[in-house]
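Working notes, structure below.
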Amino acid sequence: MDQSKTKGYKKIKQWLKANGRKPFKFQEDAWQHYLNGYSGLVNAPTGFGKTFSLFLAVAIEALNASETSNKKAKDRLQLIWITPLRSLAKDIARAMRETLLELELDWHVGVRNGDTSQAEKVQQKKSMPEILLITPESLHLLLAQKGSSTLFKNLKCIVADEWHELLGSKRGVLVELAVSRIKGLQKLEKNQFLRVWGISATIGNIDEALDVLEPNEAEKRIIIKADLEKKIIIKSILPDDIETLPWAGHLGLKLAYKLLPIIEKSKTTLIFINTRGQSEMWYQHLLNIEPELAGRIAIHHGSIDFELRNWIEDALHTGQLKAVIATSSLDLGVDFKPVDTVVQVGSPKGVARFLQRAGRSGHSPHETSKIYFLPTHALELVEAAAIKEAAKTNNIESREPFIMVFDTLIQYLVTLAIGDGFDDKVIYQEVKNTHAFKLILPEEWAWVMQFITSGGDSLSAYNEFKKVTKDEDGLWKVKSRQLAMRHRLHIGTIVSDAMLKVKFISGGYIGMVEEYFVTRLKAGDNFRLAGRVLEFVQVKDMTVVVRVSKQKNAISPSWNGGRLPLSSNLGSVLRKKYNEALDKTHQDEELDVVYPLFLLQEKRSHVPRNDELLIELINNKEGFHLFAYPFEGRLVHEVLAALVAYRLSKLLPISFSIAMNDYGFELLSDIEIPMDESIAYEVFSPKNLTEDITLSINSTEMARRKFRDIACISGLVFQGYPGKYVANKHLQSSAGLFFNVFSDYDKHNLLLRQAYDEVFYQQLEEPRLAAALERIQNGAIIITNPKSFTPLSFPIKVDSLRENMSSEELEQRIARMKAESEKVR
DNA sequence: GACCTGCTGCGGGATG
């Protein structure tokens, strides 16, 4: 049915017209489909009003129904808007409130998350706002409330904003489960209005993204793709001479001076750096080469105090700050806080991340986004060319949804049990209808139920694991109030490392550092955080107390963050660009600049073709090196190196030390490594892959480490109260205890199985590894014997040296390598 | 010809 003749629809169009705006076609598409009862997914570039496509659809519906809507205060809730970030909720709420005012629609917009005050929560309990902006965690907390099952009676729509961010994580599973429950509750009330919509940036598996959000194919579902091109210009910051760019390295300070004019001529600049520690170094370096920037630039990353970060975001927004150096902490929030210019320092490792960052500039529909790329080593210029091509052909990474995560399921069931309780037959069906658990077997469900009611086979002797019991009304509930409170504190799937807050003696928080970093400090030592040099005084009440230091130089804490491996999309385009660089079949200025390096690589060894695997055998004083370059990212290379080492050692007793980077890996041995074409095909074979991986790496140890998160999420381990401190060691050891008990007495424990699955599929990326080996089998293997290190092998060598050496020793070693290299020349 | 690596995100309320 055409909805454009309805009262509300006309009003919205008039209102837009009065503001000099015309809806995009995709927005009207979304309104029409929403009003006709569809669920779906909206996919459009940033800056085109994705938010308004759905928010206004719900508003139209409300305007159409305005006379009849006279609901009891309790039944007000119409729209749940899920955002992955608290800060986004604030910005979206503001925009919605302004719009509602202008539309004269008397609706309230509420925000519900960890920042919401107790008073406000009580108020919401009495009377929900019509629109509620909420995080996945807080939505589960809502389900954990007594009396929550009536809240969703008149709910019309659930929107998962930035759905691509949640999709590839257990937080996405939280959304799936909450949606399944709310649908079930509406079925009970026989009031089924609910439509489920996602808003997503472009990802490789957009169809699957919809399947996860609305798995029922019988529903009316649609994907609305905006037929709009966002123009993006990618400009590499090129060295005047390739020789100024190092062969190896990740910091990139050598080209920093080229950034100054860019910062100067832009009103606001966002500089993305890959790591927290490096962002501190860049900040210091920019101030050193341009003291005028003092007070006009700032750092923003995950270990800087929340308040300070808020201030920085606002100051950039208002133009008080000229530039901010940031990690992925500023990836999101594109639609509300655009900047003039964006710079990416070093490899972004993936196409999607790079484009998302680019989108923060030139944000309105007809502007062009511009992003500068500053390479930190020579080969990164090839990455720049590869990203340009991937962006042009829309070769964007997928986000793999999680399935069969029993820790999250266990948490969810206890959540329901501390709320209004649950009927296991009903919930089983609901859970089985989600994407995450559609493969769950009746016996697995029975195991989960047994686990939350009795603690399972191995924990049945302990009362604290008998969490859930059947009530007189036939529903499963948690009786203990203390247990319920502890559980509420633990809702969510993010498990953090032990961090200590950093605070001035005089008061005022600066940020966080890791526990282990502090253990190495003694009183009087200096370190750098949030761009300031701080003198360590003491640790008191689990807070690091510091004062301002007069020293200029200090160490930067390194935080043990996640690793960002090269995505396989980028890897494959990268291999292609290697050929074009040597053949000069390209139009990339970046490749022109690195051309001399490719010539040298070809002269000393070989530039691998698209369908080739290059193996370099180099023999020097250090020993016998084998380098191989699959371009699959360092996580895959880590496993691949162990696998090849294991298979070689079956041919002849030999041991290796292993090193890798995003492009390839190295095996180093004292004795000559047996290698020819037939051996190469054999050791890079996908045959017996799973068994050989298991034998070549210590999967038990890896699973044990994964189990820490699983133990926390499933509620086996209590992480302590917020603000109170539980030592990391304690957490690891008690999770380890459970791991041992389950391994010894409860082999069929599903949480144990999940730990191994997570190791194989997420950490080792077995499917990607298998695909890489398949590709290698079908291509050629080229073996060369260079006389010295090549442009490809050198960076791996430097990285491997760095791991075991101080920087001074490293300096000497590099000087020696350089000298030896020159002799050959 | 060549050095300083490792991201982000969340989080109590029932009862007197």
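Chain letters run A, B, ... following the sequence lines, proteins first, then strands; residues in each count from 1.
- In the model, A:H490 has no side-chain atom that pairs as donor or acceptor with a side-chain atom of A:Q411 under 3.5 Å.
- Of the candidates B:dC10, B:dA14, B:dT8, B:dA14 carries the atom nearest the A:Q145 side chain, counting heavy atoms from C-beta on.
- When heavy atoms are screened at a 4.0 angstrom cut-off, A:E165 is found touching no nucleic acid atom at all.
- B:dA2 atom C1' lies 11 Å from atom CZ of A:R604, rounded to whole Å.
- In this structure, A:T493 does not reach the B:dG9 phosphate: none of its side-chain N or O atoms is under 4.0 Å from OP1 or OP2.
- Checked against B:dG13, B:dG11, B:dC10, the side chain of A:S138 finds its nearest nucleotide in B:dG11.
- If you find the closest nucleotide of DNA chain B to A:R309 and to A:R488, the one lying nearer the 5' end belongs to A:R309.
- Residue A:K125 places none of its side-chain N or O atoms closer than 4.0 Å to OP1 or OP2 of B:dG13.
- At a cut-off of 3.5 Å, with distance as the only test, no side-chain donor of A:E120 or A:T116 sits close to an acceptor on the other residue.
- A:E616 and A:Q601 share a side-chain donor-acceptor pair at under 3.5 Å.
- In terms of phosphate contacts, A:K146 brings no side-chain nitrogen or oxygen within less than 4.0 Å of OP1 or OP2 of B:dG13.
- Note: CD (A:E280) to P (B:dC4) measures 18 Å, nearest angstrom.
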Problem set entry | Worked check of ring-ring contact (aromatic ring centres under 6.0 Å, His included) between A:F789 and A:H625 | CA-CA 10 Å; A:F789 293 125; A:H625 309 257; 5.4 Å; yes
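- Note: CZ (A:F789) to C1' (B:dC3) measures 15 Å, nearest angstrom.
- Comparing atom distances between the A:K254 side chain and each of B:dC3, B:dG12, B:dG11 picks out B:dC3 as nearest.
- With B:dG11, B:dT8, B:dG13 as the choices, the nucleotide that has an atom nearest any side-chain atom of A:S329 turns out to be B:dT8.
- Atom NE2 in A:H487 sits roughly 14 Å away from atom P in B:dA14 (whole-Å rounding).
- The closest side-chain donor-acceptor pair between A:N113 and A:T135, if any, does not fall under 3.5 angstrom.
- At B:dG11, one or more side-chain N or O atoms of A:T135 fall inside 4.0 Å of OP1 or OP2 (strictly under the cut-off).
- Atom NE2 of A:H490 is separated from atom P of B:dG9 by 20 Å (rounded to the nearest Å).
- Note: A:F627 and A:Y629 have parallel aromatic rings, judged against thresholds of 30 and 60 degrees for the angle between ring planes.
- For B:dG11, one of the phosphate oxygens OP1 or OP2 lies less than 4.0 angstrom from a side-chain nitrogen or oxygen of A:R86.
- In this entry the base of B:dG6 is anti relative to its sugar, with a glycosidic angle more than 90° from 0.
- In this structure, A:N310 atom CG and B:dG9 atom P are separated by 11 Å, rounded to whole Å.
- Comparing B:dG11, B:dG1, B:dC3 by their nearest atom to the side chain of A:W247 picks out B:dG1.
- Nucleic acid contact class of A:H377 (heavy atoms, under 4.0 Å, all strands): none.
- Here B:dG6 is the nucleotide among B:dG1, B:dG11, B:dG6 with the atom lying nearest to any side-chain atom of A:R634.
- Within the structure, a side-chain polar atom (N or O) of A:R276 is placed less than 4.0 Å from OP1 or OP2 of B:dT8.
- Remark: the A:R481 side chain and the B:dG12 base include no donor-acceptor N/O pair separated by less than 3.5 Å.
- Taking side-chain N and O atoms only, A:T275 has a distance below 4.0 Å to OP1 or OP2 of B:dG6.
- Per the geometry, CG belonging to A:L174 stands 17 Å off P belonging to B:dG9, to the nearest Å.
- If you check every strand for non-hydrogen atoms under 4.0 Å, A:I494 touches a base.
- Relative to the side chain of A:P246, the nucleotides B:dG13, B:dG11, B:dA2 differ in distance, and B:dA2 lies closest.
- Between A:E383 and A:Y663, the side chains place a donor N or O and an acceptor N or O closer than 3.5 Å (distance only, hydrogens not considered).
- Counting any heavy atom pair closer than 4.0 Å across all strands shown, A:L141 reaches sugar-phosphate atoms only and no base atom.
- Separating the CD atom of A:E602 from the C1' atom of B:dG1 is a distance of 18 Å, rounded to the nearest angstrom.
- Between A:P596 and A:S169, the residue anchored nearer the 5' end of DNA chain B, judged by the nucleotide with its closest heavy atom, is A:P596.
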